[in-house]
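Step one of this worksheet: look at the structure below.
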Amino acid sequence: MIWRNVVAACAAGAVAVKVALDAALPESALLHPPGARHDGAFAAQCVKCGKCIEACPYQALHAAPFDAGAKAGTPVIDARAQACRLCDGFPCVAACPTGALSPVASREDVRMGTAVINRDLCLSYKAMRCEVCYRVCPFIDEAISINYGAREGDSTHAVFAPVIAEDKCVGCGLCVERCVVGEPECAIRIEPAT
Ligand code: SF4
Ligand code: SF4
Ligand code: SF4
């Protein structure tokens, strides 16, 4: 993905933000930071000031591209490039001046989205040992676990397959960032919360 620093004028002044130049994902596919509301109010409350983007110590946040409709300029995460680290105190939320990012009590309460594994691409479902996504998950054995079993139609190899618990996964994207299957498509993605 190509990013360029630009200056965005807004109610809070002029701030440097990063804007994606390539083709946009549909609005529903945009992954927003912790605390973003999922009832449609987020895009209305966010004034695109870029303060959350500046506050993120991992540079995980970028401004949604110009063709993202009402969400253009709102903070988004490209988990494959840099996932959310679920920082102590959520500096992105603390920096938001409008409440578009609302306080989150704990990391477990974050609901950015849910990880979805593409079983056609995942090495583990092909009876190879990987489990990288499992190892990197901050909620190992809760949000993601390993299902041990026989491989369908294969009497020789067992499958050590990662399985997502939808009610525990917070959508941080660390599994996506680290998936060993390469471009253009890795074997796991985040379905943003709606
Ligand atoms: S929790 Fe931390 S890493 Fe995640 S978006 Fe906020 S500041 Fe960035
Ligand atoms: S997005 Fe991936 S790494 Fe993050 S909690 Fe869910 S399964 Fe774990
Ligand atoms: S890291 Fe990727 S290939 Fe490896 S088990 Fe997880 S989803 Fe499958």
Side-chain angles (χ1 to χ4, degrees), residues 17-18 29-37 42 46 49-64 74-96 100-149 151 157-193:
V17 296
K18 289 189 172 184
L30 297 175
L31 182 63
H32 295 295
R37 294 173 59 168
F42 172 65
C46 175
C49 63
K51 290 189 180 299
C52 55
I53 295 173
E54 290 183 316
C56 178
Y58 293 98
Q59 299 183 317
L61 296 178
H62 305 282
T74 62
V76 292
I77 294 172
D78 175 0
R80 188 65 170 154
Q82 175 63 61
C84 174
R85 258 46 185 184
L86 303 172
C87 307
D88 285 346
F90 300 105
C92 49
V93 176
C96 179
L101 299 180
S102 52
V104 183
S106 69
R107 304 167 89 204
E108 288 79 5
D109 293 321
V110 169
R111 284 292 173 267
M112 297 164 61
T114 308
V116 179
I117 295 171
N118 184 333
R119 297 184 177 195
D120 292 332
L121 295 178
C122 173
L123 299 181
S124 292
Y125 282 88
K126 300 177 193 286
M128 288 177 264
R129 296 298 300 272
C130 176
E131 300 143 41
V132 168
C133 52
Y134 167 74
R135 299 285 169 200
V136 301
C137 177
F139 305 105
I140 186 170
D141 287 325
E142 295 179 31
I144 186 166
S145 56
I146 297 297
N147 186 21
Y148 305 90
R151 188 185 186 203
H157 301 99
V159 168
F160 297 75
V163 177
I164 305 297
E166 293 183 9
D167 59 334
K168 298 289 185 184
C169 173
V170 303
C172 66
L174 269 167
C175 50
V176 176
E177 182 190 303
R178 299 296 174 85
C179 177
V180 299
V181 174
E183 303 295 345
E185 192 178 354
C186 67
I188 190 166
R189 65 183 170 81
I190 303 298
E191 186 76 34

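In this chain, residues are counted from 1 in sequence order. None of these values were measured; they are calculated from a predicted model. Remember, it's 1-based here, ligands and their atoms both numbered in the order they're listed.
- Per-residue contacts place Phe139 under 4.0 angstrom from the following atoms of ligand 2 (heavy atoms of the residue considered): 5 (S).
- Ligand-side atoms of ligand 2 in range of Ile190: 1 (S), range being under 4.0 angstrom from any heavy atom.
- Between Met112 and Ile190, every side-chain heavy-atom pair lies at or beyond the 4.5 Å cut-off.
- In this structure the side chain of Cys92 never reaches within 4.5 angstrom of the side chain of Pro75, judged on heavy atoms.
- Among residues at least two apart or in separate chains, ring pair (Phe, Tyr, Trp, His ring centres under 6.0 Å) pairs with a member in residues 159-193 are Tyr148-Phe160.
- Of all heavy-atom pairs spanning Pro162 and Ile117, the tightest one is O-CD1, 3.2 Å.
- Applying the 4.0 Å criterion to heavy atoms of Pro138 picks out, from ligand 2, the atoms 3 (S).
- Nearest non-hydrogen protein atom to atom 6 (Fe) of ligand 2 is Cys169 SG, 2.4 Å.
- The ligand atoms of ligand 2 that sit less than 4.0 angstrom from a heavy atom of Gly173 are 1 (S), 4 (Fe).
- Shown in contact with Leu61 at under 4.0 Å from a heavy atom are these atoms of ligand 1, numbered in order with element: 5 (S).
- Side-chain contact between Phe139 and Leu86 is present, with at least one heavy-atom pair separated by less than 4.5 Å.
- Under a cut-off of 6.0 angstrom, the local environment of CG in Asp88 is sparse, with at most 12 non-hydrogen atoms contributed by other residues, nucleotides or ligands.
- Among protein heavy atoms, atom 2 (Fe) of ligand 2 sits closest to Cys175 SG, 2.3 Å.
- Taking each heavy atom of Arg111 and Cys169 in turn, the nearest pair found is NH1-O, 3.6 Å.
- Closest to atom 8 (Fe) of ligand 2 among all protein heavy atoms lies Cys137 SG, 2.3 Å.
- Of the protein's non-hydrogen atoms, Cys172 SG, 2.3 Å is the one closest to atom 4 (Fe) of ligand 2.
- For the pair Phe90 and Pro33, the minimum side-chain heavy-atom distance is 4.5 Å or more.
- Side-chain atoms of Asp141 and Tyr134 form a donor-acceptor pair, as typed in the model, at a separation below 3.5 Å.
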Show me the donor-acceptor pairs, under 3.5 Å and distance only, between side chains in residues 172-181 and residues at least two apart or in other chains.
| from | atom 1 | to | atom 2 | distance (Å) |
| --- | --- | --- | --- | --- |
| Glu177 | OE1 | Ala83 | N | 2.7 |
| Glu177 | OE1 | Arg85 | NH1 | 2.5 |
| Glu177 | OE2 | Arg85 | NH1 | 3.4 |
| Glu177 | OE2 | Arg85 | NH2 | 3.2 |

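- Cys46 approaches Thr74 most closely through the heavy-atom pair SG-CG2, 3.8 Å.
- The tally of protein N/O/S atoms under 2.8 Å from atom 2 (Fe) of ligand 1 stands at 1.
- Val170 places none of its side-chain heavy atoms less than 4.5 Å from the side chain of Arg107.
- By the 4.5 Å heavy-atom criterion applied to side chains, Leu31 and Val76 are not counted as neighbours.
- Distances from atom 8 (Fe) of ligand 3 under 2.8 Å pick out these protein N/O/S atoms: Cys122 SG.
- Using a 4.5 Å heavy-atom threshold, the side chains of Leu61 and Ile77 count as touching.
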